[in-house]
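Here's the structure, in structure tokens; my notes come after.
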Number of protein chains: 2
Amino acid sequence: MRNQLLNKDIMNDFLTEMEYVGLTSRLKRLSDSLLYSTKELYKSEGLDIEPNWNLIFILLQENEAMTITEISETLQFSHPAVVKIINKMKKNGHVETRTDTEDKRKQILTLTEKAHKQLPLFEKYWTAGRQTVMDLLEDSPNFLEEFLKIEEKVNQSDYKERTLKNLNNDELSN
Amino acid sequence: MRNQLLNKDIMNDFLTEMEYVGLTSRLKRLSDSLLYSTKELYKSEGLDIEPNWNLIFILLQENEAMTITEISETLQFSHPAVVKIINKMKKNGHVETRTDTEDKRKQILTLTEKAHKQLPLFEKYWTAGRQTVMDLLEDSPNFLEEFLKIEEKVNQSDYKERTLKNLNNDELSN
DNA sequence: TACATTTGCGTAACCAGTTACTTAATAAAG
DNA sequence: CTTTATTAAGTAACTGGTTACGCAAATGTA
């Protein structure tokens, strides 16, 4: 019962404080929640794909062949992240690689026959998923636009830079 | 140069597609970016604290003593996550634990003397950080409110449930 | 009062990302 | 040409979170 009181008491104060302080962890919690839920969806439906693969499927479908670096730049993932995803997709037989004949450092990635065959099925799930995101955003008409603005700001000057600046300003005004 | 063209060509189409498809990974990217940047900030300033500790400092400051479970419920973290954070904070000498005499399963957490001494310093950084979040949100006046709505929706019915429902609707209408 | 259920917390294994480092191939510069 | 710098991709170690599982203490019930 101590527990109950405590939580109720705190939650209001706390969440207000939290709005700013805990934005990061709330962003993470939401993205994690979507991620795990997507994994579960695919698993329960017996699809042997994983959450972010759709991005790569779409890219390779549109471009036929891309390298690790091209994908990592387009998705703005680190290249080791792409290597990991691609290795899984190769193991599942959805992607194959060959070394570029002109530049032997490059790995050319393409979708396999198996991938192409399964794409229509996958598309159904991705379409339904896109619909889900639209549903979630329904009452939040400015969300994407405003999210983009935040992304841009962070790209221009990151949290550390901004905070150090604020810190200095505060100290000067004391 | 192929790289350049390719990226430019794609980016527009792609990001539109991406708005919905890639929302999850974009959320993760932003939260990761804030996280890493915060870590770097503390590191470069020689503070021996880590990103989410402020949440726990604030809680323990307001409540004096809490258990693992109470914290995990308040922060909506899994309890193993809290255990991990607390272990680090104990190692750093900011938190100490004692077993509850009435219920020996419970670990009572409190801030140490060291923690209390350092709090004013930490507060400066947290205040500056809160200011940074406010700056980032400056041009996005609806963001927090709309974010909250999305969180609530996901809590009511998660991505998987919603997507399966959408999938069935689509199939019925075919 | 004994037995079954629930609760608190700890550990292990996993996950999707990161940075830092290495190797090999290519490009640039002396 | 040879040497130096840059680039592409792979590997390792780490991060902050998760779920799954186990154990011991407390609570509920026959």
Side-chain angles (χ1 to χ4, degrees), chain A residues 1-4 22 24-40 42-43 49-56 66-73 75-90 97-109 158, chain B residues 1-4 22 24-40 42-43 49-56 66-73 75-90 97-109 158:
Chain A
M1 62 207 78
R2 177 170 166 243
N3 205 329
Q4 297 301 321
T24 301
S25 47
R26 284 170 69 192
L27 285 171
K28 177 158 171 61
R29 186 157 58 240
L30 181 58
S31 81
D32 276 354
S33 150
L34 293 172
L35 181 74
Y36 295 132
S37 203
T38 307
K39 274 185 87 79
E40 261 189 48
Y42 292 152
K43 196 176 164 190
I49 51 176
E50 300 198 15
N52 279 326
W53 294 13
N54 54 347
L55 305 179
I56 288 170
M66 292 179 81
T67 66
I68 300 275
T69 304
E70 282 167 358
I71 289 180
S72 72
E73 281 170 358
L75 296 182
Q76 298 183 59
F77 282 17
S78 66
H79 87 267
V82 176
V83 170
K84 279 189 190 177
I85 296 174
I86 292 297
N87 280 341
K88 280 194 195 169
M89 293 180 79
K90 280 168 73 174
T97 60
R98 59 174 200 278
T99 304
D100 188 324
T101 47
E102 287 176 15
D103 183 341
K104 288 168 196 160
R105 291 169 307 180
K106 293 185 180 172
Q107 291 294 305
I108 310 286
L109 310 176
D158 69 9
Chain B
M1 63 207 77
R2 179 172 162 240
N3 205 326
Q4 297 302 321
T24 300
S25 47
R26 284 170 67 191
L27 286 171
K28 177 159 171 57
R29 186 157 57 239
L30 181 58
S31 81
D32 277 354
S33 151
L34 294 172
L35 181 73
Y36 295 134
S37 203
T38 308
K39 273 185 88 76
E40 260 189 52
Y42 292 152
K43 196 176 164 191
I49 51 175
E50 300 197 16
N52 280 325
W53 294 11
N54 55 344
L55 305 178
I56 288 171
M66 293 179 80
T67 65
I68 301 275
T69 304
E70 282 167 359
I71 289 181
S72 72
E73 280 170 358
L75 296 182
Q76 298 182 59
F77 282 16
S78 67
H79 87 266
V82 177
V83 170
K84 279 189 190 178
I85 295 174
I86 292 297
N87 279 342
K88 279 195 196 170
M89 293 179 79
K90 280 168 73 174
T97 61
R98 60 173 198 278
T99 305
D100 187 325
T101 48
E102 288 175 14
D103 184 342
K104 289 169 196 159
R105 292 169 306 178
K106 292 187 182 174
Q107 291 296 305
I108 310 286
L109 310 177
D158 71 8

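A quick note: this is a predicted structure, and the numbers were derived from the prediction, not measured. Basis for what follows: all heavy atoms, side chains included, without hydrogens, waters or symmetry-related copies. In what follows, every chain begins at residue 1, and chains take the letters A, B, ... in the order their sequences are listed.
Atom pair A:D158:CG and C:dT19:P shows a separation of 11 Å (rounding to whole Å applied). When rounded to the nearest whole Å, the span between OH of B:Y36 and P of C:dT19 equals 7 Å. Remark: P of D:dT18 and CG of B:D32 are 14 Å apart, rounded to the nearest angstrom. Residue A:Q76 contributes atom CD, which lies 11 Å from atom P of C:dT18 at whole-angstrom precision. Taking atom CG on B:D100 and atom C1' on D:dA25, their separation rounds to 11 Å, with Å as the unit. The separation between A:Q107 atom CD and D:dT7 atom C1' is 14 Å, rounded to whole Å. Atom P of nucleotide D:dG10 and atom CD1 of A:I71 are separated by 11 Å, given to the nearest angstrom.
Contact between the side-chain N/O atoms of A:N52 and the OP1/OP2 oxygens of C:dG17 is found at a separation under 4.0 Å. Residue A:T67 places none of its side-chain N or O atoms closer than 4.0 Å to OP1 or OP2 of D:dA8. Between A:S25 and the phosphate of D:dG17, there is no side-chain N or O to OP1/OP2 separation shorter than 4.0 Å. Between C:dA16 and A:K88, a contact under 4.0 Å exists linking OP1 or OP2 to a side-chain N or O.
In this structure, A:K28 and A:V83 both approach DNA chain D, and ranking their closest nucleotides by distance from the 5' end singles out A:V83. Ranked by how close their nearest DNA chain C nucleotide is to the 5' end, B:K43 and A:R105 are led by B:K43. Nearer to the 5' terminus of DNA chain C, by closest-nucleotide assignment, is the contact made by B:D103 (compared with the other of B:D103 and A:K104). Place A:K90 and B:I85 on DNA chain D by their nearest nucleotides, and A:K90 ends up nearer the 5' end.
Nucleic acid contact class of A:K39 (heavy atoms, under 4.0 Å, all strands): sugar-phosphate only. Within the 4.0 angstrom heavy-atom criterion, no nucleotide atom of any strand lies near B:E40. If you check every strand for non-hydrogen atoms under 4.0 Å, B:P80 touches a base.
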Handout entry: side chain to side chain contact (heavy atoms under 4.5 Å, CB included) evaluation trace for A:N54 with A:I49
Key = CA-CA 8 Å; A:N54 54 347; A:I49 51 176; over 6 Å; no
Exercise for the section: Assess whether side chain to side chain contact (heavy atoms under 4.5 Å, CB included) is satisfied between A:K28 and A:T24, documenting all intermediate values. Expected result: CA-CA 6 Å; A:K28 177 158 171 61; A:T24 301; 5.7 Å; no
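Judged by distance alone, with hydrogens and angles left aside, B:H79 brings no side-chain donor or acceptor close enough to the base of C:dG8 to form a pair under 3.5 Å. One N or O donor and one acceptor, one from the side chain of A:K84 and one from the base of C:dG17, sit under 3.5 Å apart.
In this structure, a donor-acceptor pair under 3.5 Å is absent between the side chains of A:Q107 and A:T67.
Of the candidate nucleotides C:dG17, D:dG16, C:dC9, C:dC9 has the atom lying nearest to any side-chain atom of B:K106.
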